[in-house]
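One structure below.
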There are 2 protein chains.
Amino acid sequence: MVKYVGPSLNATFSALADPTRRAIVARLGEADFSQGVSVGELAEPFDMSPPAISKHLRVLEHAGMLTQQRDGRVRRCRLDPKPINEAAQWIEHHRQFWNHQLDALAGFLESAGGDDVGFGIDGNHPGEEGGP
Amino acid sequence: MVKYVGPSLNATFSALADPTRRAIVARLGEADFSQGVSVGELAEPFDMSPPAISKHLRVLEHAGMLTQQRDGRVRRCRLDPKPINEAAQWIEHHRQFWNHQLDALAGFLESAGGDDVGFGIDGNHPGEEGGP
DNA sequence: CATATACTTAACCAAATGGTTAAGTATGTA
DNA sequence: TACATACTTAACCATTTGGTTAAGTATATG
């Protein structure tokens with residue numbers, strides 16, 4: 001039984017796969033929510049034509065990560081965090097499995113005697129509940 | 001100053017954007033690390049030709065998420081969690097900003113008087129340190 | 001040695017992606 | 001009213017993606 005989560009994760013991860021879009025998301029995240037950020041302001045850091053930015057914004061909008069609101073001739077953009085939160089949940093859910101198994105893997109590597117098998121084992125499990 | 005994180009995030013998010021690849025990652029995560037999973041076992045749930053699976057595996061491999069090891073005529077696959085951990089870190093880092101700002105947004109919505117602006121505000125911030 | 005198994009590589013194809021320029025559209029301003 | 005501003009839409013293009021089938025490679029087995 002393979003749990004199918006719907007097309008939203010496709011759109012979200014796909015949207016995050018582009019560095020321009022990640023930068024836009026980052027900028028929107030840091031901006032003042034009540035103000036929003038105009039398309040022009042979002043476009044300013046990039047050496048790219050306005051239509052290219054417009055396309056990126058529609059990708060984010062289609063993924064449900066961005067909402068636009070007209071304010072005169074300016075369009076103010078805001079981030080909707082729900083899709084990224086769902087993507088984060090997907091990762092977190094599955095990380096629980098493999099972070100649990102990393103201990104077993106460490107044991108496997110020791111018993112195998114090889115100290116370089118090409119895995120990125122560095123003992124760093126970010127996001128792990130490190131509490132008491 | 002836009003912090004450039006390198007091409008690995010591109011490859012990781014891009015790899016996760018495909019449902020077949022997410023299912024493979026999920027299966028690898030649940031599997032026994034010391035055993036690995038053969039390509040045939042990974043391919044079995046999908047109605048897809050062997051070359052298609054092979055391509056998906058190379059995408060995951062190129063993203064650094066998968067390592068293969070020959071064992072006779074079988075190739076055992078294992079998950080390398082490092083890239084996904086980095087992707088999770090990127091999301092977590094930026095979520096700190098906008099989850100912080102959601103409070104301000106709630107206030108903005110109240111003062112604006114509109115109770116339906118199209119945002120997905122549901123008071124649900126998954127991953128937030130939810131106390132003891 | 002001959003054949004089956006477990007894949008991969010090569011060649012091809014349709015559709016999607018990420019960019020461009022040119023031409024709209026809607027709003028503000030002289 | 002005329003023009004500038006802030007975008008979007010349309011049309012086009014090269015590259016990438018996700019699939020196919022056919023052929024190749026390496027290992028196990030009769």
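Just so it is clear: chains get the letters A, B, ... in the order the sequence lines come, proteins before strands, and each one is counted from 1.
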Q | Euclidean distance, atom NZ of residue A:Lys55 to atom P of D:dA14 [Å, nearest integer] | A | 14 Å
Q) Counting side-chain heavy atoms from C-beta on, which of C:dA10, D:dA6, D:dG18 comes nearest to A:Val74? A) D:dA6
**Q.** B:Ile53 CD1 to D:dG18 P, straight-line distance once rounded to whole Å
**A.** 12 Å
Q: Compare the minimum distances between each of C:dG19, D:dT9, D:dA4 and the side chain of A:Met48, then state the nucleotide with the smallest one.
A: C:dG19
Q. Rounded to whole angstroms, how far apart are CZ on B:Arg58 and C1' on C:dC7?
A. 12 Å
Q | salt bridge (charged side-chain N to carboxylate O under 4.0 Å, His left out) assessment of A:Glu61 paired with A:Arg58 | A | CA-CA 5 Å; A:Glu61 207 169 13; A:Arg58 264 190 297 125; over 6 Å; no
Q.
Can you work out whether A:Ser14 or A:Pro50 has the more 5'-proximal nearest nucleotide on DNA chain C?
A. A:Ser14
Q: Output the single nucleotide from D:dA10, C:dT9, D:dA4 whose closest atom is nearest the side chain of B:Ser54.
A: C:dT9
Q. Is a donor on one side and an acceptor on the other found under 3.5 Å between the side chain of A:Arg78 and the backbone of A:Thr67?
A. no
**Q.** Separation of D:dG18 P from B:His62 NE2 (nearest whole Å)
**A.** 13 Å
Q | Sidechain-backbone polar pair: B:Arg27 side chain, B:Glu41 backbone, donor-acceptor under 3.5 Å | A | yes
Q) Reckon B:Ser49 has a side-chain N or O less than 4.0 Å from the OP1 or OP2 of D:dT20? A) yes
Q: May I ask you to decide if B:Leu16's main-chain N or O and B:Arg22's side chain share a donor-acceptor pair within less than 3.5 Å?
A: yes
Q. Separation of A:Phe13 atom CZ from C:dT17 atom P, in whole Å?
A. 17 Å
Q) Quick one: is D:dG18 close enough that its OP1 or OP2 comes under 4.0 Å of any side-chain N or O from B:Arg21? A) yes
Q.
Does C:dT17 have its OP1 or OP2 closer than 4.0 Å to a side-chain nitrogen or oxygen of A:His56?
A. no
Q | B:Arg75 CZ - C:dT9 P separation (whole Å) | A | 7 Å
Q. What nucleic acid atoms does A:Arg76 come within less than 4.0 Å of, heavy atoms only: base, sugar-phosphate, or nothing?
A. nothing
Q: Check the distance between D:dC3's C1' and A:Arg73's CZ and give it to me in whole angstrom.
A: 11 Å
(Q) Quick check on DNA chain C: between A:Asp18 and A:Pro51, whose nearest nucleotide comes earlier from the 5' end? (A) A:Asp18
Q: Ignoring backbone atoms, test whether A:Arg70 places a side-chain nitrogen or oxygen under 4.0 Å from the OP1 or OP2 oxygen of D:dA6.
A: no
Q | Sidechain-backbone polar pair: B:Arg76 side chain, B:Ser34 backbone, donor-acceptor under 3.5 Å | A | no
Q: Could you tell me the separation between the CG atom of A:Leu60 and the P atom of D:dT8, rounded to a whole number of Å?
A: 12 Å
Q.
Strictly below 4.0 Å: does B:Gln68 bring a side-chain N or O up to OP1 or OP2 of C:dT8?
A. yes
